Amino acid sequence: MSTPGARAGLETFDDLNIQYENAYRDNDFKVACVRKAISLVVPDCRVLDVGCGTGVPVSQMLAEAGLEVVGFDISPKMIEFASTRVRGSFSVSDMLEYQPQGRFAAVFIIFAQLQLSYADFHAAAYKFARTLLPGGIIAIGQMPADKYVKNRSDYDETGTFVEDYDAPFMGEPIPTFMFSAQGQRDFLTSMGLEVVSETIDMFQPNNPKCVPEEQQYIIAKRTSDAPLEPPKPLPK
């Protein structure tokens, strides 16, 4: 079931579409994360790009590596761009309504969760992680809250995340969901996944309105076909 948080990206990203791509596509840290992920999966396997946007650069890199790309985004305009420029299967949906078909060797959630609530992201991430094949990976990109949120009272009671916190995006503050850097690690490992790669770096988007952003990229692996646990902390 969709929620206002899950639908919030529609207005934001439908308006920005190619402007967002131009600002964020030449991100060496994102590209390095995707390249690392590609090196961890076998050719021709199915991969899922959650919140794929215009398809550039993530879906494009995956398709060019010979992977079978399935992607979705809440923005019809972005899906139009992705469908016409990237080899893959793309559809319009939000993270909660989308129902993945079959299993995947990799799932990518690269800055697709910005305007969700924690409860929404918890449900979506658990749903997608359970589609991973044994040895499959999940790659997540976010702005870690540590850089932006100094007041501990703004975090949940476990100190793991913040919700609806005004953070800079394309020159404007938007209500943002962010894990702390450790909170993101703990969220993934609490499911039974193993973190195999992580970087935290500063990125300057290619737009004069944008300020430098601290970004965290994590790749975690499903090491067996044992059932995954619901990630912690559990939503209230």
Side-chain angles (χ1 to χ4, degrees), residues 9-41 43 47-90 95 106-115 137-148 167-174 176-179 181 184 196-220:
L10 175 58
E11 180 177 347
T12 300
F13 289 98
D14 224 35
D15 287 343
L16 289 172
N17 57 79
I18 207 71
Q19 183 182 356
Y20 172 76
E21 176 190 312
N22 291 336
Y24 285 86
R25 66 179 295 169
D26 295 323
N27 183 337
D28 290 341
F29 312 120
K30 180 190 295 183
V31 168
C33 173
V34 177
R35 284 178 178 161
K36 176 66 175 178
I38 290 170
S39 76
L40 297 173
V41 299
V47 296
L48 178 64
D49 190 0
V50 176
C52 62
T54 64
V56 178
V58 178
S59 286
Q60 183 181 60
M61 292 178 64
L62 299 173
E64 289 175 350
L67 304 174
E68 182 184 344
V69 179
V70 178
F72 72 89
D73 197 276
I74 196 171
S75 165
K77 290 181 181 178
M78 286 196 166
I79 287 299
E80 183 179 351
F81 279 116
S83 298
T84 57
R85 297 189 297 170
V86 179
R87 178 174 51 84
S89 174
F90 298 96
M95 289 176 71
V107 173
F108 295 81
I109 308 176
I110 307 295
F111 285 83
Q113 68 275 44
L114 299 181
Q115 293 177 272
I137 58 171
I138 185 168
I140 294 184
Q142 70 144 2
M143 294 192 303
D146 315 63
K147 174 71 175 179
Y148 303 95
F169 178 74
M170 293 295 292
E172 300 291 339
I174 65 167
T176 302
F177 161 70
M178 295 178 283
F179 281 109
Q184 180 71 92
V196 296
S197 176
E198 179 183 7
T199 59
I200 298 179
D201 290 286
M202 294 296 295
F203 170 66
Q204 173 62 62
N206 184 25
N207 187 301
K209 296 180 181 178
C210 298
V211 298
E213 299 176 6
E214 184 169 272
Q215 300 185 345
Q216 179 188 33
Y217 294 93
I218 288 185
I219 300 174

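One is the number of the first residue; the rest follow in order along the sequence. Computed from a predicted model, the values in this text were never measured in an experiment.
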request  = May I ask you to check whether Gln215 and Tyr24 show a side-chain donor-acceptor distance below 3.5 Å?
outcome  = no
request  = Examine distances only and state if a side-chain atom of Asn207 and a backbone atom of Ala23 form a donor-acceptor pair shorter than 3.5 Å.
outcome  = no
inquiry  = Counting C-beta onward and ignoring hydrogens, is there a side-chain heavy-atom pair between Phe203 and Met143 closer than 4.5 Å?
reply    = no
key: Side-chain heavy-atom pair Ile109, Met95 within 4.5 angstrom cut-off   = yes
key: More than 12 heavy atoms of other groups within 6.0 Å of Arg85 CZ   = yes
query = Can you tell me how far the OG1 atom of Thr54 sits from the CZ atom of Arg25, to the nearest 0.5 Å?
reply = 7.5 Å
task = Find the distance between CG (Leu40) and OG (Ser197) and round it off to the nearest 0.5 Å.
result = 7.5 Å
query = Looking at Asp73 and Gly53, what are the two nearest heavy atoms and their distance?
reply = OD2-N, 2.9 Å
task = Could you walk me through whether Leu62 and Val34 pass side chain to side chain contact (heavy atoms under 4.5 Å, CB included), step by step?
result = CA-CA 8 Å; Leu62 299 173; Val34 177; 4.0 Å; yes
task = Give a yes or no on whether Glu80 atom CD has more than 12 heavy-atom contacts from other residues, nucleotides or ligands under 6.0 Å away.
result = no
message = Pair Phe169, Leu114 - check side chain to side chain contact (heavy atoms under 4.5 Å, CB included), show working.
response = CA-CA 10 Å; Phe169 178 74; Leu114 299 181; 4.1 Å; yes
message = Between Leu48 and Phe72, does the side chain to side chain contact (heavy atoms under 4.5 Å, CB included) criterion hold? Intermediate values first, please.
response = CA-CA 8 Å; Leu48 178 64; Phe72 72 89; 4.3 Å; yes
inquiry  = Taking the side chain as everything from C-beta on, heavy atoms only, tell me whether Tyr217 gets closer than 4.5 Å to Asp201.
reply    = no
message = If I compare all heavy atoms of Tyr148 with all of Pro212, which pair ends up nearest, and what's the gap?
response = OH-O, 4.3 Å
query = Any idea which heavy atoms bring Ala139 and Ile219 closest together, and the distance?
reply = CB-CG1, 4.1 Å
query = Nearest heavy-atom pair of Gln142 and Phe179: which atoms, and what distance?
reply = OE1-N, 3.0 Å
ask   = So, do Gln184 and Pro144 sit near enough that their side-chain heavy atoms are less than 4.5 Å apart?
value = no
key: Contact summary for Asn206 and Asn22, nearest pair of heavy atoms   = CB-O, 3.7 Å
message = Quick check for you: to the nearest 0.5 Å, what is the distance between Ile38 atom CD1 and Cys33 atom SG?
response = 10.0 Å
ask   = Can any side-chain N or O of Gln216 pair as donor or acceptor with the backbone N or O of Ala181 at less than 3.5 Å?
value = yes
key: Nearest-0.5 Å distance that lies between atom CZ in Phe108 and atom CD1 in Ile138   = 10.0 Å
key: Value rounded to 0.5 Å, distance of CD1 in Ile110 from CG in Asn27   = 10.0 Å
Gly141 backbone acceptor or donor facing Gln113 side chain under 3.5 Å = yes
request  = Check Ala112 against Val50 and note the closest heavy-atom contact, atom names and distance.
outcome  = CB-O, 3.4 Å
request  = First locate atom CD of Glu213, then atom NZ of Lys147, and finally report the distance between them rounded to the nearest 0.5 Å.
outcome  = 11.5 Å
query = Within the distance-only criterion (no hydrogens, no angle test), does the side chain of Arg87 pair as donor or acceptor with the backbone N or O of Ala63 below 3.5 angstrom?
reply = yes
query = Just wondering, do Phe29 and Met202 contact through their side chains at under 4.5 Å, heavy atoms?
reply = no
query = Side chains of Ile79 and Cys52: closer than 4.5 Å at any heavy-atom pair?
reply = yes
